[in-house]
Amino acid sequence: MVVLKTGRELKIMQEACAISAGALKLVGSAVEPGVTTAELDRMAEEYIRSKGAVPNFKNYQGYPATACISINNEVIHGIPSKSRKLMPGDIVSVDLGAEYGGYHGDNAATFACGDISDEAKRLMDATRESLYEGISAARSGGRIGDIGHKIQSYIEARGYSVVRQFVGHGIGTKLHEAPEVPNFGIPGRGIRLMPGMTLAIEPMVNVGSEDVKILPDGWTVLTRDGSLSAHFEHTIVITPDGPKILTQV
Ligand code: MF3
Ligand code: CO
């Protein structure tokens, strides 16, 4: 069931999302060669707790950290580690969220570590832009397939592929709510979009094929062909006047 949020709920959710966005910005600013992914995770957790919020990934289905940090050919759900140091040229996808007052925020971005290749830059730009394309289709009266179609066509026009095995989602009093928000789709298909819907839209884009595999740690998702991958995510609300991004600082 898709839950529409009231104005009162959205006010609290805006707080949760602002904290999520602040944490992501902080971690992004700390991405540099030599930093470990565990250090980045600690910064995120301390920031979120300092705001009176709770890291909402931690213990979610047994996930052991505040952030997912996924490097290069890792797509999503990379587990922070003291032994994983960032290297110059890495692209670093950070996904994290906060729960505040009973509501959730969720956001992600891919950051450059030092100088990165032109190919990596183009991938990151296309993935970020595809997120905004998708958001622009999140309008009352439209359908869920409009969002995925915008993302997919933007990405495929650039020769990249959209991961299909993982999708965006509704979000609110739970981190994951109905509906699923695929990053691919057919315009006019799927459930109807309405004011008060809160969605986490999150394209995951590979330079090579869309196929992924999961490491034996049970979490880390990698591209099957070893190609680079990027990930951007915002939590948004559909208003009568169009989409509004909640995960902004
Ligand atoms: N951020 C992920 C999402 O967007 C959730 C991560 S799963 C977790 O759906 F276990 F790490 F929390
Ligand atoms: Co999400």
Side-chain angles (χ1 to χ4, degrees), residues 2-3 5 13 16-25 27-28 37-38 40-42 44-45 47-49 53-71 74-81 84 92-100 103-111 127-128 130-132 134-135 138 144 147-148 151 162-184 197-205 212 214-215 217-222 229-238 243 245-248:
V2 177
V3 184
K5 276 74 178 179
M13 200 159 156
C17 288
I19 296 165
S20 305
L24 184 63
K25 187 176 178 187
V27 172
T37 55
L40 296 176
D41 190 70
R42 212 169 78 101
E45 177 161 7
Y47 178 91
I48 290 167
R49 293 200 191 278
V54 175
N56 52 1
F57 293 8
K58 208 164 197 175
N59 302 319
Y60 182 86
Q61 294 181 2
Y63 187 71
T66 291
C68 299
I69 305 182
S70 311
I71 301 171
E74 298 168 356
V75 180
I76 48 168
H77 299 171
I79 302 174
S81 159
R84 189 80 187 264
V92 184
S93 298
V94 179
D95 186 354
L96 56 81
E99 179 186 350
Y100 179 82
Y103 288 83
H104 290 263
D106 185 5
N107 61 179
T110 302
F111 301 99
T127 308
R128 185 187 316 100
S130 78
L131 169 59
Y132 290 100
I135 291 170
I144 207 88
I147 299 173
I151 294 170
V162 158
V163 172
R164 289 166 184 253
Q165 204 171 313
F166 296 88
V167 295
H169 49 95
I171 177 168
T173 56
K174 291 183 294 184
L175 175 58
H176 292 147
E177 295 184 355
E180 289 195 344
V181 185
N183 299 300
F184 53 92
M197 278 187 186
T198 44
L199 304 174
I201 304 177
E202 48 177 319
M204 292 147 263
V205 175
V212 297
I214 299 178
L215 280 186
D217 67 18
W219 284 104
T220 314
V221 178
L222 311 173
S229 189
H231 180 208
F232 285 83
E233 175 179 28
H234 273 308
T235 298
I236 66 125
V237 58
I238 298 175
I245 297 174
L246 296 176
T247 37
Q248 248 156 9

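For the single chain, residues carry numbers from 1 onward in sequence order. All ligand and atom numbering here is 1-based and tracks the order in the structure. Small disclaimer: the values here were computed from a predicted structure and weren't measured.
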Would you find a donor on one side and an acceptor on the other, under 3.5 Å apart, between the side chain of [X] and the backbone of [Y]?
X: E45; Y: R42; answer: no
X: N56; Y: G105; answer: yes
X: T247; Y: H234; answer: no

Identify whether the distance between the nearest side-chain nitrogen and carboxylate oxygen of E99 and K58 falls below 4.0 Å.
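Not counted as a salt bridge, because no side-chain N and carboxylate O are separated by less than 4.0 Å.
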
Basic-acidic side-chain contact under 4.0 Å: R128, E233:
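Looking at R128 and E233, the cut-off is not met.
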
Need the atom name: nearest N/O/S atom of E202 to the Co ion (ligand 2).
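Of the nitrogen, oxygen and sulfur atoms in E202, the Co ion (ligand 2) lies nearest to OE2.
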
Please confirm if an N, O or S atom belonging to H176, backbone or side chain, lies less than 2.8 Å from the Co ion (ligand 2).
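Coordinating: no.
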
Counting backbone and side-chain atoms alike, is an N, O or S atom of D95 positioned under 2.8 Å from the Co ion (ligand 2)?
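Not a single backbone or side-chain N, O or S atom of D95 is under 2.8 Å from the Co ion (ligand 2).
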
Can you name the residues that come within less than 4.0 Å of ligand 1, going by heavy atoms only?
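Protein residues near ligand 1 are F57, Y60, Y63, C68, H77, D95, D106, H169, H176, E202, W219, E233.
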
Which word best sums up how the rings of F57 and Y63 line up, parallel for under 30°, tilted for 30 to 60°, or perpendicular for over 60°?
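Rings of F57 and Y63: perpendicular, as their planes differ by over 60°.
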
Just one of V2, I171, I147 clears the side-chain contact (heavy atoms from CB on, under 4.5 Å) bar with L199, so which one?
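Of the listed residues V2, I171, I147, the side-chain contact (heavy atoms from CB on, under 4.5 Å) partner of L199 is I147.
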
Among L96, L175, L24, L246, which residue meets the side-chain contact (heavy atoms from CB on, under 4.5 Å) test with D106?
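With D106 as partner, L96, L175, L24, L246 yield a single side-chain contact (heavy atoms from CB on, under 4.5 Å), made by L175.
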
Tell me the angle that OD2 of D106 and OE2 of E233 form around the Co ion (ligand 2), rounded to 10°.
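D106 OD2 and E233 OE2 form an angle of 90° at the Co ion (ligand 2).
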
